[in-house]
Amino acid sequence: AFTDISTPVVYTRRWYVLLLFSLLAMFQCTVWNTWGPVEKVALAAFPSWTTSDISMFANWGNYVLFPFFVPCMVAISRSLRMSVVVGSGLMVLGTSLRCVKVIWPAISQEMFTVLCHVCAFLNGISGIIFCSAPPAVSAAWFPAGERVTATSIGQTFNGLGGGLIYLLARIMVRSNSGGGEGVQGSNSSCPVENSTSSVSVWSTDDQPFLRKEINHYIIFLAGPPVIFFILVILYFPSAPPSPPSETSQIERTSLLQGTKDLLLNKSAWLIMIVFAVSQSIPGTWGAMMVTNLSKIEVKGQCLSEEWVDLLAVVSTVATTITSIMGARLTDHLKGHMKISIICLLTSAGMVYTVLTLVSIQVIQLPSFMSLQVAIYILLVVGNCLAQANSPLLLEFAVEVCYPVSEVISGGWIFLGYGLGSMVFLLIFLIPGIGTTWLNYILPISSFICLPLLFMVKEEYRRMEVDRVKM
C-alpha cells in the first residue's frame, strides 16, 4: 500500500504486465475446454470414458468455486504477484500431470483418467484467480482513463481461450474433423433420432493412432503454461513503483469489512444478478450450440458440427474485439456505463429474438445458404452486443462498491457467473426437459436484466475521487 499521496506515474511496462496476465487467463480457459472439441476422438481412444467424464472435466471449474473462492480472494488481496505465481504454477502442474501417460505409457487408462481430473481440478482453482483479478490488475497498474480497457482485455482474453482450443484441436487432432458423420463441409444430413454414436466410426484398431494424436495434443497444451510461468517468475510485480492514479494509492476497506459492505449494497446484488444472467447464459449456451443449431433444417440439410465449431471461433474473436473497443469508448465517455449496458442488452435481446425465430423456423429461409448467412450474422452480432457488457458490468460494480477492494468486487461478479453457469447446466438434469428451451433462452437472458438495471443506483465513487484529486 502507498502511505503518502503522491503524483501518479504511468509506466509503459503496464502493457507487458497486462499482456502476460491476459495470456495466462486465455490459456486457463483453453486448458479448461481441452476435451470438448475432441470429444468424439477421446471417447474412441479411451473406451472406458463416457460423455459424463467429458462433462465432469469441464464442471470442475464450477465445483472448485465453493471451497476455494474465499482463499483465492484472500490471496489476491494480500499479493497479486503471489496469486498469479500460484495460479500459473497450478496450470503447469495440472497440464504436466496429463503428460505422464506419454512419458510412462504403461500406466492404466483409469490412472490417466484420474490425472485428467486432477488437471481439471487444479486448472479450475487457477480460473478463480485469473477470472477475478482483472479489476485488481487494472487498478494497480492503469490510470483512470484506461481502467475499463485494461479490465476488458484481461477479462475477454479468458473467453478468447475457449475459441482458441477449437483451432488447436483442429490442427493437432486431424481425426476430429475427418472422422465420420459426414462432417466434410458446412452442411450435412440432418441427425437421425436414435442413431448410433459417432464413436462407432473408428474400430479398436484405430485406437493406437487416436491415442497418439491425443498425446501430441496434451503435450502441446502443456508447453505455453511453462513459458508463462517462467515469465511470471522473472517479472510480475503486484504494483508499479509509483501509483498510476490517486485512488490506486488509497487504502481499501479490509476484506471482512469490504465483504460486509458489499453484501449490504443493493446495487451490488443487482449488478451481480445481471452479470450472472446476461453473461453466463450466452457463454454456457455456446458449449451446447452444436446440439441446438444442427437441428435447424432447410430442404433436408442441417448445419454440420464442423461449421458450427468454426462459427464458435469467429464469434469468440469478434466478441473479444468488440468488447475491447466498447471498453475503450467507455473510458472516453466517463460516467455513462449504465445507459451503455442498457442499450447493449436491449440490442442483443432484439438480435437474439430474430435468431430464435429463425431457429424455430417461424422465419422461413429460402435456401440453405441463406440459413448459414442468417445464423452466422445473428449469432455473432448478438454475442458481440451481449458480451460487450462483461467488462462494463465488472467496472460498474467496482465503481458502485468503492471503497470496497477491486479484488472483492471482481470476485463477487465472477461468483455470480459461476453460479449462473452451474444453474444453466443443472437444468439439463430435469427429467424430460429436452433441448427445445435452448431456442428461447438467449433473448430472455438479455431482456430479463433490463428491469434490474433500472433499479441500480448509478454511482461512480472511485471516478469521483480521481476527479477531485486531479
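Residue numbers run from 1 in the order of the sequence given.
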Polar side-chain atom of [X] near backbone of [Y] as donor-acceptor pair, under 3.5 Å:
X: R170; Y: L167; answer: no
X: T356; Y: Y440; answer: no
X: N389; Y: A386; answer: yes
X: N33; Y: A58; answer: no
X: S421; Y: T284; answer: no
X: S83; Y: A75; answer: yes
X: R78; Y: M73; answer: no

Is the [atom1] atom of [X] crowded by more than 12 outside heavy atoms at less than 6.0 Å?
X: M82; atom1: CE; value: yes
X: L231; atom1: CG; value: yes
X: M56; atom1: CE; value: yes

Any [X] side-chain heavy atom under 4.5 Å of [Y] side chain:
X: V85; Y: F229; result: yes
X: S409; Y: Y402; result: no
X: R14; Y: P240; result: no

Name all residues meeting the side-chain hydrogen bond (donor to acceptor under 3.5 Å, both in side chains) criterion together with [X]; count only those two or more places apart in sequence or in a different chain, and write none if there are none.
X: N62; value: none
X: S138; value: T151
X: Q387; value: none
X: W269; value: none

Subject >> Ring centre gap for W412 and F69 strictly below 6.0 Å >> reply: no

If you measure from [atom1] on [X] to [atom2] on [Y], what distance do you get to the nearest 0.5 Å?
X: M26; Y: T156; atom1: CE; atom2: OG1; result: 11.0 Å
X: C449; Y: I271; atom1: SG; atom2: CD1; result: 12.0 Å
X: T30; Y: L164; atom1: OG1; atom2: CG; result: 4.5 Å
X: L385; Y: S323; atom1: CG; atom2: OG; result: 10.0 Å
X: L80; Y: F21; atom1: CG; atom2: CZ; result: 7.0 Å
X: I219; Y: I214; atom1: CD1; atom2: CD1; result: 11.5 Å

**OP:** For residues 221-235, pull every pair meeting salt bridge (charged side-chain N to carboxylate O under 4.0 Å, His left out), keeping only residues two or more places apart or in separate chains.
**Re:** none

Applying ring-ring contact (aromatic ring centres under 6.0 Å, His included), name anything that partners [X], two or more places apart in sequence or on another chain.
X: W437; value: F424, F428
X: F236; value: none
X: F68; value: F121

Original post:
Which pair of heavy atoms, one from F454 and one from K338, lies closest together, and at what distance?
Top reply: O-NZ, 3.5 Å

Original post:
Of the non-hydrogen atoms in P37 and A169, which two are nearest, and what is the gap between them?
Top reply: CB-CB, 3.8 Å

Applying side chain to side chain contact (heavy atoms under 4.5 Å, CB included), can you list everything that pairs with [X], at least two apart in sequence or on another chain?
X: S315; value: T319, V380, N383
X: T34; value: V31, R98, Y217, L221
X: P237; value: W141, Y235
X: L355; value: Y352, S359, I375, L378, L379, L442

